[in-house]
Amino acid sequence: MDLELLYPDGKVISHPAGVTGADVAASIGPRLAAAAVAVALDDQLLDLGRPLPAGGRFRVITAQSDEGRHILRHSAAHILAQAVLSLFPGAQFGMGPAIEDGFYYDFDIGRPFTPEDLAAIETRMHEIVAADQPFERVEVSQAEARALFADQTLKLEIIDSVDAAEVGIDQADGPWGTVYRNLEFIDLCRGPHVPATGKLFAFKLLRSAGAYWRGDEKRQQLQRIYGTAWESPKAMADHLHRLEEAERRDHRKLGAELDLYSFPRELGPGLAVWHPRGGMLRKVAEDHSRRMHERYGFEFVYSPHLARELLWEISGHLDYYADNMFPRLEVDEDEFYRVKPMNCPFHILIYRSRARSYRELPLRYSELGSVYRQERSGVLHGLLRVRGLTQDDSHTFCRPDQLADELAMHLEFVTKWLSDFGFAEFEADLSTRPEKSVGPIDRWEEAERALEATLKNVGLSYRIAEGEGAFYGPKIDIHVRDAIGRRWQCSTIQVDFNNPERFGLSYVSTENEPVVPYMIHCAKAGSLDRFLAVVIEHHAGAFPGWLAPVQVEVLPVAERHLDYAETVRDALKEQGLRVEVDYSNDTLGEKIRRSLTQKRPFLAVVGDKDVEANTVGMRRYGEDKDRRGVPLSEAMSEIIESCRPPEV
RNA sequence: GCCGGAGUAGCUCAGUGGCAGAGCAGCUCACUCGUAAUGAGCAGGUCAGGGGUUCAACUCCCCUCUCCGGCUCCA
């Protein structure tokens, strides 16, 4: 019986039973057939050589698509394992999936891999690719699978842990699963794969690192090899170039180059000091934060860095978070204090300082609060993960009937804040109740519904992050995409019905009854330190005018132009701009080079002609050309316009 | 915390058992310059810290610290 295939262009074409994906691709065109790595039938991916089981919506998957690259990388992982098994007799192998931009495979060869090992493995992989070994799909029963991997304990564990129904290729009494074979190498795998190893035009092993078996730090550590694979050498070169670009934007590097901050040894790991330039960047961000909070109806509060341990017992932090809190300080006998890891309990105490009426809600408290968290040593990473950080934290206390409006307002605030710093693409995660949580499940569900409704109303795209919520309540996390497409978590909006309860908060309702208020935790930047690191990487250190620590640098051509340079500086300063004069006696070329490497938004060169005509030579960062003899007033209005902070 | 790699001048790096090096930055002097590095000179070191092997250690071995890449974690 013939199969009816619906092509992407809407045509329906009949093919004889037993036709393979490769046959169909070839019938469409030889170039398509050559580019194909697999086919999709009703969006289910199938090997090219596999007879199509039925008719349906049909697509050819080429290596130039995300699905195609995924298949390519997955096949590359097999080739990697094949190479390792052939070079290291007795090697155990675990799992080897395709990941974003590449693939990895976990092994146990009784020792770590050396860089020389990686080079040898890569050479072996090239041999396997050159041999163009076909990938063969074989259906096996669970017992057959066990026999095939009899000496592979990791594979046996996978085989025994996978429920037949879950694999579900042909569920009922059919085979249990599939393996893929190319020559002597066999791996347990669902597929699909490229038809033969020769399809791997471009791949490269990048590094090896320890990785816990099945992601569990209590289990043995395997050695993971990471690689990248692409549809063409050009695509791979582009990817490697992107990696270099990311390195160029590294905020740790730029922080030193632009003299923004440092991490002195004497302070201890994960603790930064902000230098004057970085300090200005921070001040500008903080000023903006304060103006925004004011505009959205927040009030400013302040709290100390320490509190009695009792506070953290009430809040539950000691039960749920003690591992990441700095150890107690013994201040007096039996008198213990803790450095604060969060600001919320303080704000709660401010709410509780007197009786509250339903009329005064919502109450919105905001604080740029510095907190200290004893992050594990291995996770520290520049400003992105530190032990001392400042949050633009806020806590809103409201009535249940106000929750929806408040959440909408917070979300609006957050997206405005992020766009002000130059981010255009947002994605939200709705994180639901984690395994270890406090509070009744129906309250959790109610809060989760409220958050989801807010996201729907605003029309922000989101995904559900099951079990990722805070221990006290569910949350929305907002992620941004930066200039080179990386995803960063910044803002967070969390509903909390536990802490108000724990601290015995209430307000007096219209019926003169005490009612427990709802609480919303919100950080717009998250950690300001981390956020600014993301901003630095996003802009590659070339800040938009309003954020730049120095907005204009005035460069005198020679010393006799210094007086005029100062006149220009003072005129610009008068307008509230951040201006500096270069007093060095370097050549103009050197002054310009230095200003450009410092990524100043504007340079103003002043020489004889400018002194005479009251003009400047303007140069804008990113423009290669200079404009000579620009009247000072004209230059000034252009700079003011370009350095204007966002409206609040 | 775990696995691996690294740590030499402020920065980037050379130095594989036998006198501690370069470029940039800094300082001094000269030059006074019109859009990405003017020239000369000077100064700068507990070779991350501690222990060991050796006639001799930046170099080899052990421990600690810090950083880098991952894993795990991130209220």
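Checked against a 6.0 Å centroid threshold, the rings of A/Tyr518 and A/Phe497 do not count as neighbours. In this structure, A/Tyr226 has its ring center at least 6.0 angstrom away from the ring center of A/Phe103. Proximity of the aromatic rings of A/Phe326 and A/Tyr372 is defined here by a centroid distance below 6.0 angstrom, and this criterion is not met.
To the nearest angstrom, C1' of B/rG70 lies 11 Å from CD1 of A/Ile99. B/rC74 atom C1' lies 12 Å from atom CD of A/Gln494, rounded to whole Å. For the pair A/Trp488 CH2 and B/rC74 P, the interatomic distance rounds to 19 Å; values are reported in whole Å. Between A/Gln598 atom CD and B/rA25 atom P there is a gap of 13 Å when expressed in whole angstrom units. The distance between atom CD of A/Gln220 and atom P of B/rU72, rounded to the nearest whole Å, is 15 Å. Taking atom CG on A/Leu380 and atom P on B/rU66, their separation rounds to 9 Å, with Å as the unit. Look at CG on A/Asp106: it is 13 Å from C1' on B/rU72, rounded to the nearest Å. The distance between atom CG of A/Leu555 and atom P of B/rA36, rounded to the nearest whole Å, is 12 Å.
Of the P atoms belonging to B/rC3 and B/rA22, the separation is 40 Å, rounded to the nearest Å. Taking atom C1' on both nucleotides, B/rA20 is separated from B/rU8 by 9 Å, rounded to a whole Å. Between B/rG69 and B/rU12, the distance separating the two P atoms is 14 Å to the nearest Å. B/rC67 and B/rG51 are spaced 24 Å apart, taking the P atom of each and rounding to whole Å. For the P atom pair drawn from B/rC42 and B/rC24, the interatomic distance equals 14 Å after rounding to whole Å. When the C1' atom is compared between B/rU53 and B/rA43, the two are found 37 Å apart, to the nearest whole Å. Rounded to the nearest Å, the gap between the P atom of B/rC19 and that of B/rU59 is 14 Å. Going from the C1' atom of B/rC31 to that of B/rU38 covers 7 Å, rounded to whole Å.
Remark: B/rA57 base-pairs with no nucleotide in the shown strands. Criterion, Watson-Crick or G-U wobble with two distances under 3.5 Å. Of the nucleotides present, none pairs with B/rC19 by Watson-Crick or G-U wobble criteria with both distances under 3.5 Å. The partner of B/rC2, taking Watson-Crick or G-U wobble pairs whose two distances both stay under 3.5 Å, is B/rG70. Summarising the base pairing, B/rG39 is matched to B/rC29 through a Watson-Crick or G-U wobble pair whose two defining distances lie under 3.5 Å. Base pairing of B/rC65 is made with B/rG7, judged by Watson-Crick or G-U wobble geometry with both donor-acceptor distances under 3.5 Å.
A tilted orientation is assigned to the rings of A/Tyr261 and A/His251, their planes being inclined by 30° to 60°. Taking the six-membered ring where tryptophan is involved, the planes of A/Tyr320 and A/Phe471 are essentially parallel, since the angle between them stays under 30° and well short of 60°.
Results of the side-chain contact (heavy atoms from CB on, under 4.5 Å) test with A/Thr454 over A/Leu407, A/Val495, A/Leu403 single out A/Leu407 as the only residue that passes.
Residue A/Arg373 is classed as a base contact, given a heavy-atom separation below 4.0 Å to a base. Heavy atoms of A/Gly215 sit under 4.0 angstrom from primed sugar atoms or phosphate atoms, though from no base atom. Counting any heavy atom pair closer than 4.0 Å across all strands shown, A/Phe263 reaches no nucleic acid atom. Base contact: A/Pro341 has a heavy atom under 4.0 Å from a base atom. At the heavy-atom level, A/His381 lies under 4.0 Å from the strands shown only through sugar-phosphate atoms.
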**Prompt:** Base, backbone or nothing for each nucleotide of nucleotides 1-14 of chain B, written B, S, -, heavy atoms under 4.0 angstrom, 5' to 3'?
**Reply:** BBBS----------
**Request:** Between protein and nucleotides 27-35 of chain B, map the contacts as a letter string: B base, S sugar-phosphate only, - none, heavy atoms under 4.0 Å, written 5' to 3'.
**Result:** ----BBBBB
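The A/Asn324 side chain lies nearest to B/rC73 when the options are B/rA36, B/rC73, B/rG69.
Atom CZ of A/Arg308 is surrounded by 12 or fewer heavy atoms from other residues, nucleotides or ligands within 6.0 Å. No more than 12 heavy atoms of other residues, nucleotides or ligands sit less than 6.0 Å from atom CD of A/Glu100. Around the CD atom of A/Glu623, the shell of radius 6.0 Å holds more than 12 heavy atoms that belong to other residues, nucleotides or ligands.
Contact between the side-chain N/O atoms of A/Arg252 and the OP1/OP2 oxygens of B/rG69 is found at a separation under 4.0 Å.
Residue A/Arg385 places a side-chain atom within donor-acceptor reach of the base of B/rC73, judged by atom type and a 3.5 Å distance cut-off alone.
Formation of a donor-acceptor pair under 3.5 Å by the A/Asp319 side chain with backbone atoms of A/Gly316 is not found in this model.
Between A/Met342 and A/Arg594, the residue anchored closer to the 5' end of RNA chain B is A/Arg594, taking for each the nucleotide with the nearest heavy atom.
Residues meeting the side-chain hydrogen bond (donor to acceptor under 3.5 Å, both in side chains) test with A/Tyr212, sequence neighbours left out: none.
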**Item:** Derivation of the side chain to side chain contact (heavy atoms under 4.5 Å, CB included) call for A/Asp106 and A/Phe93
**Value:** CA-CA 6 Å; A/Asp106 290 341; A/Phe93 62 137; over 6 Å; no
